[in-house]
Visitor: 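Pasting a structure below so you can have a look.
Residue numbering restarts at 1 for every chain, and letters A, B, ... go by the order of the sequence lines. The figures that follow rest on heavy atoms only: side chains count, while hydrogens, waters and symmetry mates do not. All values derive from a computational prediction rather than experimental measurement.
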Protein chains: 2
Amino acid sequence: MAEGQSQNVSSGQALLYLTDEQLRQGIEAMFFAYRGFTADPDRILEGMSYGRAHHRAIHFIHCAPGTTVNNLLAILGVTKQSLNRVLRTLIEDGLVTSHVGRSDKRERHLTLTETGEALEQQLSDAQRVRMRDAYRKAGPEAVAGFKTVLEAMMDDDMRRAYLALRDGR
Amino acid sequence: MAEGQSQNVSSGQALLYLTDEQLRQGIEAMFFAYRGFTADPDRILEGMSYGRAHHRAIHFIHCAPGTTVNNLLAILGVTKQSLNRVLRTLIEDGLVTSHVGRSDKRERHLTLTETGEALEQQLSDAQRVRMRDAYRKAGPEAVAGFKTVLEAMMDDDMRRAYLALRDGR
DNA sequence: TTGGAATGTCAACAAGACTGACGTATTTTC
DNA sequence: GAAAATACGTCAGTCTTGTTGACATTCCAA
């Protein structure tokens with residue numbers, strides 16, 4: 001308990017950024033920022049009978065066209081029943097296509113259709129506008145720090161997935 | 001569309017961090033990091049019939065003891081009905097007390113009981129452990145950048161709430 | 001004093017997550 | 001070639017957490 005405080009006492013100024021109060025600020029910053037982060041796409045989605053879950057699926061299918069259901073499952077961290085509900089509507093509505101795998105016919109490879117890509121563009125544009133404004137306001141050094149901390153905050157599995165996506169492009 | 005790319009072309013190296021690809025990385029980093037961010041408290045909560053909504057209420061009541069329902073509503077950004085369900089169970093279970101306001105009897109002032117404070121400690125300790133590790137790994141400059149970007153990412157209302165909380169302590 | 005605004009409560013419903021069970025096609029393993 | 005494992009889809013039921021709508025209480029100002 002209160003490790004930050006004791007560290008602070010024992011190590012002096014250098015570790016002031018690790019106090020409980022500083023950590024609490026960071027926690028609240030994450031909470032409020034994440035709200036802003038999702039607000040714009042949410043606004044677009046509402047009224048078109050899609051939600052944040054659809055956005056996430058669309059985002060990652062766009063990034064890794066031809067990915068399998070299992071792959072997506074691992075990245076999104078939801079159950080297949082949950083993902084299936086979302087995927088079914090996206091396929092029915094003609095935003096995503098599902099092709100039986102060539103080498104392994106059990107797999108389904110997912111791709112965005114033109115309509116799907118158009119929605120992806122619309123959503124990620126909205127999200128990028130906010131990110132770009134924030135980045136520009138904060139400057140390159142801050143952005144580097146931002147990414148460093150976020151990466152350190154991930155679970156190991158997620159960090160692997162993140163780095164794989166990042167380096168695979 | 002693709003504003004980052006064109007900026008990149010027009011302004012050279014200095015704005016490389018604003019490319020669409022860099023922004024996309026930031027978006028994914030937020031997604032994966034937020035999962036890690038909530039994972040530890042979620043694990044504690046599961047099985048005790050509480051969820052993330054309860055955690056949030058407890059967190060902010062702890063930070064501003066005696067706050068009103070309306071106050072909390074503004075900070076959490078949910079409907080009062082939604083918050084009420086959460087508060088009801090917390091009050092029933094003896095984690096939160098609700099006192100009718102002295103000057104304005106319509107208001108209810110919320111405070112954590114001892115049991116409530118104990119759970120708050122347990123939850124925020126879990127969350128701080130991860131934050132502290134991430135902070136330590138990243139270092140003070142990165143942390144400063146992290147906070148700068150997050151703050152820039154918030155909606156104006158949320159930034160006001162965040163700064164008010166931060167400076168009110 | 002009365003009507004509107006603010007605060008909070010109850011009820012019903014929807015989205016999106018979960019578990020568990022089952023079916024089918026395909027691949028891998030023994 | 002038979003058995004086990006894998007990939008995917010689906011049905012049914014539950015839980016959390018968000019929503020709207022209706023309503024009671026309290027305060028304040030015309």
Side-chain angles (χ1 to χ4, degrees), chain A residues 31 34-35 38-39 41-59 61 66-93 96-111, chain B residues 31 34-35 38-39 41-61 66-93 96-111 123:
Chain A
F31 172 69
Y34 198 77
R35 283 255 293 279
T38 55
D42 281 0
R43 246 188 303 274
I44 295 175
L45 260 353
E46 99 177 7
M48 47 195 314
S49 81
Y50 294 143
R52 208 175 289 177
H54 299 82
H55 180 194
R56 289 195 284 254
I58 288 174
H59 176 100
I61 295 175
T67 190
T68 67
V69 173
N70 241 2
N71 252 321
L72 210 49
L73 238 40
I75 288 178
L76 295 175
V78 295
T79 59
K80 63 176 178 178
Q81 294 92 327
S82 221
L83 177 58
N84 193 253
R85 183 173 357 101
V86 167
L87 241 31
R88 191 165 42 210
T89 67
L90 289 176
I91 293 171
E92 276 170 8
D93 296 351
V96 169
T97 55
S98 163
H99 288 299
V100 172
R102 287 206 322 169
S103 57
D104 188 335
K105 289 174 191 161
R106 293 171 303 179
E107 296 178 339
R108 298 296 132 91
H109 296 277
L110 305 168
T111 321
Chain B
F31 172 70
Y34 198 77
R35 283 254 293 278
T38 54
D42 281 359
R43 247 188 303 276
I44 295 175
L45 260 354
E46 98 177 10
M48 47 194 317
S49 79
Y50 293 143
R52 208 175 289 177
H54 299 83
H55 180 196
R56 290 196 282 254
I58 289 174
H59 175 100
F60 287 109
I61 295 175
T67 190
T68 65
V69 174
N70 235 8
N71 252 321
L72 211 49
L73 236 42
I75 289 177
L76 295 175
V78 295
T79 58
K80 59 182 177 174
Q81 295 90 331
S82 206
L83 176 58
N84 191 253
R85 184 171 353 97
V86 167
L87 284 179
R88 190 165 45 214
T89 68
L90 290 176
I91 292 170
E92 275 171 8
D93 296 352
V96 169
T97 55
S98 163
H99 289 299
V100 173
R102 288 206 319 169
S103 56
D104 189 335
K105 287 175 191 160
R106 292 171 303 181
E107 295 178 338
R108 299 297 131 93
H109 295 278
L110 305 166
T111 322
L123 292 171

Visitor: For A/Leu72 and D/dA7, what is the distance between atoms CG and P respectively, to the nearest whole Å?
Guide: 14 Å
Visitor: Atom CG in B/Asn84, atom CZ in B/Arg108: separation rounded to 0.5 Å?
Guide: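 B/Asn84 atom CG to B/Arg108 atom CZ measures 10.0 Å (nearest 0.5 Å).
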Visitor: Please tabulate, one pair per line, each protein N/O and nucleotide N/O from nucleotides 2-4 of chain D that are separated by under 3.5 Å, including the distance.
Guide:
none

Visitor: My understanding is that only residues two or more places apart in sequence, or in another chain, count here; which of them pass ring-ring contact (aromatic ring centres under 6.0 Å, His included) with A/Tyr50?
Guide: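 For A/Tyr50, the residues satisfying ring-ring contact (aromatic ring centres under 6.0 Å, His included) (neighbours in sequence not counted) are A/His54.
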Visitor: What heavy-atom pair brings B/Ala57 and B/Leu83 nearest, and what distance separates the two atoms?
Guide: CB-CD1, 4.4 Å
Visitor: Taking five pairs at each end, how big is the angle between the two axes of the helix from C/dT1-D/dA30 to C/dC30-D/dG1, to 10°?
Guide: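 Angle reported: 10°, given to the nearest ten degrees.
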Visitor: Flag the pair B/Glu92 / B/Arg88 as yes when at least one side-chain heavy-atom distance between them is below 4.5 Å, and no otherwise.
Guide: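 They are in contact (side-chain heavy atoms under 4.5 Å apart), so the answer is yes.
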Visitor: Scan B/Val69, B/Thr68, B/Thr67 and name whichever one has a side chain to side chain contact (heavy atoms under 4.5 Å, CB included) with B/Glu107.
Guide: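 Running side chain to side chain contact (heavy atoms under 4.5 Å, CB included) over B/Val69, B/Thr68, B/Thr67 with B/Glu107 returns exactly one hit, B/Thr68.
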Visitor: Measure CD/A/Glu92 against P/D/dG9 and give the value in whole Å, please.
Guide: 13 Å
Visitor: Can you give me the closest heavy-atom contact between B/Ala53 and B/Val86, atom names plus distance?
Guide: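 Nearest pair, atom of B/Ala53 first, then B/Val86: CB-CG2, 3.8 Å.
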Visitor: Can you spot which of A/Leu90, A/Thr97, A/Leu87, A/Asn71 makes a side chain to side chain contact (heavy atoms under 4.5 Å, CB included) with A/Leu110?
Guide: A/Leu87
Visitor: Examine D/dC8: is either OP1 or OP2 under 4.0 Å from a nitrogen or oxygen in the side chain of A/Asn70? Give yes or no.
Guide: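 Yes, A/Asn70 has a side-chain N/O under 4.0 Å of OP1/OP2 on D/dC8.
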Visitor: What residue pairs, at least two apart or across chains, pass salt bridge (Lys or Arg N to Asp or Glu O under 4.0 Å) with a residue in residues 42-54 of chain B?
Guide: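 Output for this query lists B/Asp40-B/Arg43, B/Asp42-B/Arg52.
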Visitor: At under 4.0 Å between heavy atoms, how does the protein contact nucleotides 9-19 of chain C? Give one character per nucleotide, 5' to 3', with B, S or -.
Guide: BBB----BBSB
Visitor: Tell me, for nucleotides 25-30 of chain C in 5' to 3' order, what letter each nucleotide earns: B for a base near a protein heavy atom under 4.0 Å, S for only sugar-phosphate near one, - for neither?
Guide: BBS---
Visitor: Does any part of the side chain of B/Leu76, heavy atoms only, come nearer than 4.5 Å to the side chain of A/Phe31, both counted from C-beta?
Guide: yes
Visitor: Calculate the interatomic distance between B/Glu107 atom CD and D/dT25 atom P; express it in whole Å.
Guide: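 Taking CD of B/Glu107 and P of D/dT25, I get 18 Å after rounding.
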